[in-house]
Amino acid sequence: MLNDLLLLLSFAIISVIVFRQVRLSNIVAYLFTGFVLGPSLLNFLDSYHEIELIAEFGIVFLMFSLGLEFSLNKLIEMRRSVFGVGALQVIVSFLMFYLLSQFFGMSWVESFTVAGVLTMSSTAIIVKVLGDQQRLHSKTGKLAIAILLFQDLAVVPFLIIIPIIAMPTLEGGILIPLSIAFVKGAFAVAVLLSVGRWLLPRFFDEMGRVRFDEVFILSTLFVTLLAAWFTQLLGLSMALGAFLAGMMLAESHYRHQLSADIRPFKDILMAMFFISIGTLLHFPILIDNISTLLLVVVGVMLAKTATITLAVLMMREKLATALSVGIALAQMGEFGFILIALANKYHLLDAELASLIIATGVISMSLTPVLVKYSHNISREVLHHSEKVFGFQKTLPGQFHDHTIICGYGRVGQILSRFLKSESLPFIVLDRDPMRVKEAREGGEMIEFGDASRREILLIAGIEKARLLIITFDDLQRSLTLLEQIRSINPNVKVLVRTKNDNGLEMLKDAGATEVIPEVLEGSLMLVAHVLFLSGVPRSRIMHRLDCERKTKYQHLHGFYYGQESQTEKNAWHIEQLHAVTLTENTEVLGSYVEQFHLADIIIKSLHRRGGEEVVISAKVCFKAGDVILLQGEKSALIQAEKILLRKSHQASL
């Protein structure tokens, strides 16, 4: 026995390290360990019975930890999602897999077991991946967690029913034994919850007063195993008792301490459980049925995606969100393996069927991190070609002139469009999320469905006559591709690129970006401005410091426009500013070439004709009446330059 444990632990450690390097779950590593060391391949283990016994305690502690998570307040808060979307998903998925199993000639007992196993998804993997991607509180994350919560609750009836349907003879049919089992279950719930409400708080209060960690940990183990023993005494599963023990302590203030105390035991024993499940895999069976296995994996994942998407849609959620949740939960879960272990204990599944289902679980769980990471992108691409469904109108070439194109209608794109609309400036938005486009159009927004990096989409949006294009999405490779398309069509259009940080800033500018605005930089500068202002630093000095900092990043934002308030600032004469001068009908400079007109310490930043059209300064451009000239320089130089530019001609003065 000791030799087997040492071998298992050493191989499991190596497997976890290797699998973590390729970003696969520890569960897959443990299953692989059991598969390699089990009878299917190397057959190095002799103590199978002892390992299975240890593994059963792993299930007990897992169910206890799960019960601790089922706070009544939490369930009430999420009742619509948990008992709405979650219940629909379990019912729809179970019925579909049951009917499919019947179609392939399985008995009703096998069909019931297989349907229950395949209905479950992996809580451990989904929570870990969503947490790593900071998506637990997104709409997709909340719906996924709600469905997983109901799946975890649905394990309890299966733990009661599977031992009943495994009985060799059912006198009077299955209804009476099931009724008796559920009565026993209700009795166990009533007893354990009563004990948990009235006795356990006092018990743990006393244990807490001892202030001896080992006593508190031993008390936790004692309560868990006592509850498991009680339900086993009633002819029910030990896992059910452990789950109820966790539930009765979920509302106590000892909940987090109990969870922390039980975790080491749970993790170690659960590793043994998954290793024992891995030993059920039979290599010859898998090799002989490899094509069947791959078809089953694809079929199961597509079927689960479809049923979960349907369940979410029935609760009136968006199609893109529903599909994203369906893709994320398409795998088989660890509670499915618990049901397989229970079914194997009662000989409900033959070796070939059990191996295929376990292998399906391993493969689907291995694919989960990638599927969850790209679930939103996959759902968006699946819906990418459904444009006709929403009846979008195409923008006709030539419809826009001297306008702004906003690429992406996320948070930044929506804020930009709102300000442009308030100023009555012409603009068009491009976005490739069909549901977002549909909702925006219904709200009256000028938005088109399409991938802005495609040449034909840019032409439809009028890129040849656009004044400005803004890239709002933070995707370096897509931005570079888009810049390449833009510059090949219209080299003169100004392009602003928004990024989260300044990574790739030089690459974007080299690719043709007029300006790159990093959110991190602007957020930092805004915070600095508030800190300095609240610290008593004069506003003029703050503006000067921020202006100097921006000079190193932006070429089009050097300086600021001075106004009535700026003229009273003491340091304003030495701060570089921007100032616009409009030429009148009788100014002396009319007809002079702009490029040849030099002013001391002044830079002409831009020139706009009457009506707003910007003119590219060259050797052939002359000053005309109504021109708006944007100057940059210190205040004293700007005042002198304005006098020169607005000086009346000799004929006008006569």
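Predicted model, so just to flag it, every value in this text is computed and none were measured.
- The salt bridge (Lys or Arg N to Asp or Glu O under 4.0 Å) check on Glu352 picks up nothing, with sequence neighbours excluded.
- Considering all non-hydrogen atoms of both residues, Leu367 and Met301 come closest at CD1-SD, 4.0 Å.
- Below 30°, between 30° and 60°, or above 60°: for Phe94 and Phe112 the angle between ring planes is above 60°, a perpendicular geometry.
- For the residue pair Ser93 / Thr119, no side-chain donor-acceptor distance below 3.5 Å is found, with atom types taken as modelled.
- Of all heavy-atom pairs spanning Gly361 and Ser364, the tightest one is O-OG, 3.0 Å.
- Here the side chains of Leu323 and Thr305 are in contact, with some heavy-atom distance below 4.5 Å.
- The side chain to side chain donor-acceptor pair (under 3.5 Å) test applied to Thr368 returns Gln331, not counting sequence neighbours.
- Contact check for Val300 versus Phe97: side-chain heavy atoms found under the 4.5 Å cut-off.
- A side-chain N or O of Ser121 and one of Lys304 form a donor-acceptor pair less than 3.5 Å apart.
- With Phe274 as the partner, the side chain to side chain contact (heavy atoms under 4.5 Å, CB included) test is satisfied by one option alone out of Thr33, Leu31, Val362: Leu31.
- Between Phe32 atom CZ and Ser366 atom OG the span is 11.0 Å, to the nearest 0.5 Å.
- In this structure, the separation between OG1 on Thr231 and CG on Leu226 is 9.5 Å, given to the nearest 0.5 Å.
- Residues Phe273 and Phe57 fail the side-chain proximity criterion, which asks for heavy atoms closer than 4.5 Å.
- Identified under the salt bridge (Lys or Arg N to Asp or Glu O under 4.0 Å) test for residues 265-278, with sequence neighbours left out: Arg263-Asp267.
- Counting non-hydrogen atoms of other residues, nucleotides and ligands closer than 6.0 Å to CZ of Phe265 gives a total of 12 or fewer.
- Between Met272 and Leu5 the shortest heavy-atom distance is CE-CD2, 3.7 Å.
- When side chains are defined from C-beta on, Trp108 counts as touching Tyr98, because their heavy atoms get closer than 4.5 Å.
- The shortest distance between side-chain heavy atoms of Gln151 and Ile147 falls below 4.5 Å.
- Phe203 CZ: more than 12 foreign heavy atoms inside a 6.0 Å radius.
- The backbone N or O of Ile285 sits less than 3.5 Å from a side-chain atom of Asn289, completing a donor-acceptor pair.
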